[in-house]
Amino acid sequence: GRPLGGPLYDRRGRLLLAEGNAFTQEMLTSLVNGGTKFAYLGQWDPDKVEALESTTSVQHYRREADAVLEALSAELDRQVDSLDSLNILPTGRPFSASVDESLQRKRSEARIREWQSICQEGVSFVANLVQGAIANETAADAAVRLIGKIVDVFSKDRSLLVSLTNLRLASEYHFQHAFNSAVLAINIATAMGYNVEQVKEVGIAALFQDLGMSMVPQSLVQSPRKLDSVEFVDVQKHTMLGLYVLEQIKGLPASARLAMYQHHERADGSGYTQRRERLWIHKYAQISAVADVYDAMTSERPWRRAYAPYLAMESVIKQANKGRFNGQIVRGLLRYLSLFPVGSFVRLTNGEIGKVVHTTGDAIDRPDVSALINAAGHRYTPPELRNLADDELRIESYVHADFAVGVAAGF
């Protein structure tokens, strides 16, 4: 019944209630039912939160996980060593045959709102799972339903789904990152010719890949600086900590565990936790790795600004050329995002500035562009579509995000 003496945050730094609000029994019930087990009153300070957690069940949960991690990782390593091949090949009818490849030029507001709600549902699912608001007994079924919805959306309007991953909430990075990684992994798996059930398995694996981050100290997760080598080792533990979380969830495909465990391995053996090389990394983990890195690079983080989509894609391609990523998988990412990913702002060779709205398959440098401003600096009303695959126009350069914000106003 009393007003709060400061802002109230959850353990990940999300604002729950503003300072001065009366704290009621109804609010308390709502927070608890939503899975919030701990709340921090006062100006947000991850170091203080970590110190407070040392006496809570969060710390106990970490210690409990540490006690079994060695056995869990050893079991998975034995599985990897005993398998004849981790190169999961496409079988049956490719899901890509069911995907509408055309540009949806007239989307209804109702459709956009409906699919935006699926994105929010995905972010909320991960948040609720991490916070304990979803029972372990029902989590697998809920994940299957969610991925099924995403796959259905993708088959009807793949470019809209990718563009929605550009909507980001800084305070919910790890939740949104999990959802975005699942969407990107579905894009890649579809481009690689997997059937619909395989595509769904890849999506589920990517959705769960970073669950272990919930047990990494928040002072490291939210550090405004680059971590030193000792601190980074603590963060690397999240791949194994996630295994402990997955052990509590029954009914998931076996590939989800291997993909989580190996999604930071690299084809050249430079990754972690076991420095496996390409032949000993599950194919779904390799797909998750590319999706994970691309989305992480295009996200704002406390210690750096987000990369422009074009620069992030350029970096992924360079890493593939150096042998860190599987080139086939990177080509799968390019197939549906293009060299200039959907949502990017670009300058055309005729001086126009536009926004990439759709990709055109193997023509990775010639997507469909919605021209917004002509060479003289005047806006097109309405914007004009440029199909670069059938046009002499080409993209001259990408346009920096700061400038794009002004360009995009009203579009």
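- The local environment of CD in Gln248 is crowded, with over 12 non-hydrogen atoms from other residues, nucleotides or ligands closer than 6.0 Å.
- Within the model, atoms CG of Asn387 and CG of Leu103 stand 8.5 Å from one another, a figure rounded to the nearest 0.5 Å.
- We find the CG-CD distance between Leu28 and Gln25 to be 5.0 Å, quoted to the nearest 0.5 Å.
- Between Met192 and Ile287 there is a side-chain heavy-atom pair separated by less than 4.5 Å.
- Side-chain atoms of Val346 and Glu396, non-hydrogen and from C-beta on, never get closer than 4.5 Å to each other.
- Side-chain atoms of Tyr307 and Glu314 form no donor-acceptor pair, as typed in the model, at a separation below 3.5 Å.
- Side-chain contact of Gln104 with Ser102: a donor-acceptor pair under 3.5 Å is present, judged by distance alone.
- Nearest heavy-atom pair across Gln198 and Leu89 is NE2-O, 3.0 Å.
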Decide yes or no on side chain to side chain contact (heavy atoms under 4.5 Å, CB included) for Phe325 and Val293, but give the supporting numbers first. CA-CA 10 Å; Phe325 291 136; Val293 168; 3.7 Å; yes
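- The aromatic rings of Trp44 and Tyr40 sit perpendicular to each other, their planes meeting at more than 60°, with 30° as the lower class boundary.
- Counting only N and O atoms by type, the side chains of Asn326 and Gln286 include a donor and acceptor under 3.5 Å apart.
- Here Asp368 does not pair with Arg386 in a salt bridge; the nearest charged N to carboxylate O distance is not below 4.0 Å.
- Considering every non-hydrogen atom in both Ala296 and Arg304, the closest pair reads O-NH2, 2.7 Å.
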Side chain to side chain contact (heavy atoms under 4.5 Å, CB included) assessment of Arg145 paired with Glu121: CA-CA 11 Å; Arg145 286 194 297 272; Glu121 180 185 344; over 6 Å; no
Could you walk me through whether Leu31 and Leu16 pass the side chain to side chain contact (heavy atoms under 4.5 Å, CB included) check? CA-CA 8 Å; Leu31 291 175; Leu16 299 174; 4.1 Å; yes
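- A pairwise comparison of heavy atoms in Gly271 and Glu265 identifies C-OE1, 3.8 Å as the closest pair.
- Within the 3.5 Å criterion, the main-chain N or O of Arg394 finds a donor-acceptor partner in the side chain of Thr349.
- Separation of atoms CZ (Phe340) and CD1 (Ile395) is listed at 4.5 Å; rounding is to 0.5 Å.
- Using a 4.5 Å cut-off on side-chain heavy atoms (C-beta onward), Val183 and Cys119 make no contact.
- Counting only heavy atoms from C-beta outward, the side chains of Met313 and Leu333 approach each other to under 4.5 Å.
- Salt bridge Asp152/Lys156: present, at least one basic N to carboxylate O contact under 4.0 Å.
- Judged by distance alone, the side chains of Glu352 and Tyr380 do bring a donor and an acceptor atom under 3.5 Å apart.
- The two atoms that bring Ala185 and Ala206 nearest to each other are CB-CB, 3.7 Å, heavy atoms only.
- The line from CD1 of Ile281 to CG of Asn87 is 11.5 Å long, rounded to the nearest 0.5 Å.
- Taking the side chain as every heavy atom from C-beta outward, Arg111 and Asp157 approach each other to under 4.5 Å.
- Judged purely by distance below 3.5 Å, without hydrogens or angles, the side chains of Arg324 and Ser270 pair a donor atom with an acceptor atom.
- Closest approach of Leu348 and Leu393 over heavy atoms only: CD1-CD1, 4.2 Å.
- Within the 4.5 Å cutoff, no side-chain heavy atoms of Leu72 are placed close to those of Leu76.
- Of the candidates His174, Lys237, His177, Met213 forms a side-chain contact (heavy atoms from CB on, under 4.5 Å) with just one, namely His174.
- You'll find the side chain of Phe23 reaches within 4.5 Å of the side chain of Leu8, heavy atoms only.
- With rounding to the nearest 0.5 angstrom, the CZ atom of Arg305 is 13.5 Å from the OG atom of Ser299.
- Using a 3.5 Å distance cut-off with no hydrogens or angles, the side chains of Arg335 and Thr190 do not pair a donor with an acceptor.
- Between the side chain of Ser30 and the main chain of Met27, no donor-acceptor pair closer than 3.5 Å is present.
- Atom CZ of Arg225 has more than 12 heavy atoms from other residues, nucleotides or ligands within 6.0 Å.
- Counting heavy atoms from C-beta outward, Leu372 and Phe345 have side chains that approach closer than 4.5 Å.
- The pair Arg276-Asp81 meets the salt-bridge criterion, with a side-chain N (NZ, NE, NH1 or NH2) lying under 4.0 Å from an Asp/Glu carboxylate O.
- With hydrogens and angles disregarded, a donor-acceptor distance shorter than 3.5 Å links the side chain of Thr298 to the backbone of Tyr294.
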Begin with the C-alpha distance, continue with both residues' side-chain angles, and end with the deciding distance and a verdict on side chain to side chain contact (heavy atoms under 4.5 Å, CB included) for Arg158 and Thr359. CA-CA 9 Å; Arg158 58 179 176 79; Thr359 58; 2.8 Å; yes
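- Between His263 and Ala289, the closest heavy-atom pair is O-CB, 3.2 Å.
- Taking the six-membered ring where the residue is Trp, His238 and Tyr272 present perpendicular rings, their angle passing 60° and hence far from 30°.
- Between the side chain of Ser288 and the backbone N or O of Tyr284 there is at least one donor-acceptor pair closer than 3.5 Å.
- With no hydrogens or angles considered, no side-chain donor-acceptor pair links Asp66 and Tyr244 at under 3.5 Å.
- Between the side chain of Gln262 and the backbone N or O of Trp280 there is at least one donor-acceptor pair closer than 3.5 Å.
- Put simply, the side chain of His358 gets close to the backbone of Glu101: a donor and an acceptor are under 3.5 Å apart.
- One finds the OG1 atom of Thr381 at 9.5 Å from the CD atom of Glu384 (value rounded to the nearest 0.5 Å).
- Judged by distance alone, the side chain of Ser181 and the main-chain N or O of Ala178 form no donor-acceptor pair under 3.5 Å.
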